[in-house]
There are 2 protein chains.
Amino acid sequence: MEKPRETPEAPREAPRKVPSHEVTYCRLRDMILFGQLAPGQAVTIQGLTATLGAGMTPVREAIRRLTAEGALDLQDNRRVSVPVLTAGQMDELAFARLTLEPRLAELACPRMTGTDIAALEQIDAEVNAAIRTGDVARYLHGNYRFHFAIYDRAGAPILLAIVQSLWLRFGPSLRVVCGRQGTSNLPDRHEEALAAMRAGDAPALADAIAEDIRQGISQVTLQGASVTAAPVDRRQDAEI
Amino acid sequence: MEKPRETPEAPREAPRKVPSHEVTYCRLRDMILFGQLAPGQAVTIQGLTATLGAGMTPVREAIRRLTAEGALDLQDNRRVSVPVLTAGQMDELAFARLTLEPRLAELACPRMTGTDIAALEQIDAEVNAAIRTGDVARYLHGNYRFHFAIYDRAGAPILLAIVQSLWLRFGPSLRVVCGRQGTSNLPDRHEEALAAMRAGDAPALADAIAEDIRQGISQVTLQGASVTAAPVDRRQDAEI
DNA sequence: CAGTCGCGAATTTGATCATATCCTGAAACC
DNA sequence: GGTTTCAGGATATGATCAAATTCGCGACTG
């Protein structure tokens, strides 16, 4: 009970167990995942130490982790940037996502409890609200939470990690599309997915997820043909 | 002239500017991939700085990369160890490998040249020689080279990176089996794969690869039931 | 004369190390 | 038994060095 006795002033950061490199990793990861960084944008170590207020070593380690996950790209100049996906790489992403994510949903379906489904309904309501109000950031967060709240239940940590990496690669491109056309034209299959979960119909859930992914990818591939063609803003602190 | 552009002792590595953290990463990766480290074995930063002769920062970054790839496991004690796979995780690996690797082979098949196939025949001959002489290390290296010489030709860098990560997760367990039963009972489907490549039959190549993977995995799952049951040697410098 | 091309200095950025601090687990001690 | 101490190891800092890019200046060319 007398555990936080040495911090009488600041009880708010008493659980100091999280290392700085972990925090830095999460923050940088979210920046990539939710579109703070555009494809092709440069990322410098010293720039991150300034903007994130972290030391050099934690930033370096976070960059190494993200690089290993494919979320960042090490150029031969030893510089780091957000990858720009080619059409072929987008096809790879489509194949991998369509293979793995429905499988995760299928595994998760029999494990979903009523509480889980209720939480998903809550998330989906938030996603729809974000689409209605045009809040891109909230939409991206909600959509992510919807998918991974399902995938988490699959109890498949390896596949889950791979899918996380796929979303990290996909995030920047998705954000470009959303930034271009707002939240209009973002139909999803969350309703179908929820219905399948309520019915305990794993194949139907897998189908709904697959269709949802197909729609999301088609948004990027159709609209994103100019992503690679357009001149890329390589400024480090470009505000989107 | 006051610029020592060439190190007087080693002019042959002048054009190479490989950073130490990259070298450390590769060395540690190979140690994991080819069975120098057993599942469950502890890996310490300071131990690696000693055995690899590298500084602390490069070792740290290499560990972060391997951790992100699933090749190492960060325990909540902040300690690092080689992961021990559960049966369920082995199933995940089987699913992912059987999904992605035949696909890579299929993509690669139409791109294989006669020179590529000749190189593969050379590698397969070495694999067979290794099996015959019971040289486990040479077998593991050869088998790896055989598969990835094919996958490299697919021109699919994202899928390739994912499969690399799968092999990294699989490596330590495979090595345990080989260490237990030598190179006997290691039939492969390399001949069928080579025949399919010569015929330009992509589906047949995919089938051969799939069957090869199935055989390898069954070796581990059948023999490896005791891997998780057996007491794990957690010494850092355990010689296998 | 103007434009540009090259070359070297200055600046930015990355890589590495030595050191200091903090955590964790466990042995030792009351 | 519970607390204290201690050693091993992980974390983080800042300094220092090296590589690369940028920039400026001058000469050469059209």
Side-chain angles (χ1 to χ4, degrees), chain A residues 1-7 10 13-28 37 40-68 72-82 232-238, chain B residues 1-7 10 13-28 40-68 72-82 234-237:
Chain A
M1 299 311 161
E2 61 272 8
K3 194 96 172 201
R5 63 187 175 205
E6 49 245 24
T7 56
E13 56 176 352
R16 186 68 178 87
K17 289 188 58 171
V18 182
S20 174
H21 66 82
E22 189 75 25
V23 176
T24 305
Y25 165 78
C26 289
R27 292 226 277 160
L28 187 52
L37 301 175
Q41 188 168 338
V43 171
T44 69
I45 294 174
Q46 314 193 14
L48 289 179
T49 59
T51 62
L52 296 184
M56 182 172 293
T57 308
V59 168
R60 282 179 76 76
E61 295 184 28
I63 286 178
R64 293 288 172 252
R65 277 178 75 176
L66 270 324
T67 300
L72 290 175
D73 191 43
L74 247 92
Q75 306 166 184
D76 41 3
N77 319 340
R78 298 179 172 186
R79 302 251 161 122
V80 181
S81 60
V82 181
V232 170
D233 185 352
R234 297 190 170 275
R235 291 178 301 159
Q236 176 174 353
D237 295 326
Chain B
M1 197 52 189
E2 55 274 2
K3 271 204 162 181
R5 309 188 312 187
E6 297 160 301
T7 51
E13 57 177 347
R16 270 297 154 214
K17 51 180 182 191
V18 181
S20 174
H21 64 82
E22 189 75 25
V23 176
T24 306
Y25 165 78
C26 289
R27 292 226 277 160
L28 186 51
Q41 188 168 338
V43 171
T44 68
I45 293 175
Q46 313 191 7
L48 288 179
T49 60
T51 61
L52 296 184
M56 183 170 292
T57 307
V59 168
R60 228 161 196 297
E61 296 183 28
I63 286 179
R64 294 288 172 250
R65 276 178 75 175
L66 270 323
T67 301
L72 290 175
D73 192 43
L74 248 91
Q75 305 167 185
D76 39 1
N77 320 339
R78 300 179 170 187
R79 302 268 166 106
V80 181
S81 61
V82 181
R234 297 189 171 276
R235 290 176 303 157
Q236 178 174 351
D237 294 326

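Below, chain A is the first sequence line, B the second, and so on; all start at residue 1. Only this structure's heavy atoms are used, side chains among them; waters, hydrogens and symmetry mates stay out.
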Rounded off to whole Å, could you give me the [atom1]-to-[atom2] distance for the [X] and [N] pair?
X	N	atom1	atom2	result
A:I45	D:dA19	CD1	P	16 Å
B:M56	C:dT16	CE	C1'	12 Å
B:E61	C:dT16	CD	C1'	9 Å
A:E22	C:dC22	CD	P	20 Å
B:Q75	D:dG9	CD	C1'	13 Å
B:L74	C:dC23	CG	P	17 Å
A:R78	C:dG14	CZ	C1'	7 Å

Next on the checklist: On DNA chain D, compare the nucleotides closest to A:D76 and B:T57; which residue's is nearer the 5' end?
Outcome noted: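 The 5'-side residue here is B:T57.
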
Item to check | Nucleotide of C:dT13, D:dA10, C:dA15 approaching B:R60 most closely (side-chain heavy atoms) | outcome: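 Nearest nucleotide to the side chain: D:dA10.
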
Item to check | Closest non-hydrogen atom pair, B:S81 against B:G40 | outcome: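 So the minimum-distance heavy-atom pair works out to CB-O, 4.2 Å.
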
Checklist entry - Is the shortest side-chain N/O distance from B:N77 to OP1 or OP2 of C:dG25 below 4.0 Å? => result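 Checking C:dG25 against B:N77, a side-chain N or O does come within under 4.0 Å of OP1 or OP2.
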
Checklist entry - Looking only at side-chain N and O atoms, does A:R64 come under 4.0 Å of OP1 or OP2 in C:dA15? => result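 Indeed, a polar side-chain atom of A:R64 lies that close.
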
Next on the checklist: Quick one, B:T24 and B:I63 - any side-chain contact, counting heavy atoms below 4.5 Å?
Outcome noted: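 Counting from C-beta outward, B:T24 and B:I63 never come under 4.5 Å.
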
Checklist entry - Is there a side-chain contact between A:L48 and A:V43, using heavy atoms and a 4.5 Å cut-off? => result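 A side-chain contact under 4.5 Å exists here.
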
Report the distance from atom [atom1] of [X] to atom [atom2] of [Y], rounding to the nearest 0.5 Å.
X	Y	atom1	atom2	result
A:L72	A:L28	CG	CG	5.5 Å
B:Q46	B:T51	CD	OG1	12.0 Å
A:R65	A:H21	CZ	NE2	7.5 Å

Checklist entry - Salt-bridged, B:E22 to A:R64, with N to O below 4.0 Å? => result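 Salt bridge: no.
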
For nucleotides 7-12 of chain C, give me every protein contact, N/O to N/O, under 3.5 Å, one pair per line with atom names.
none

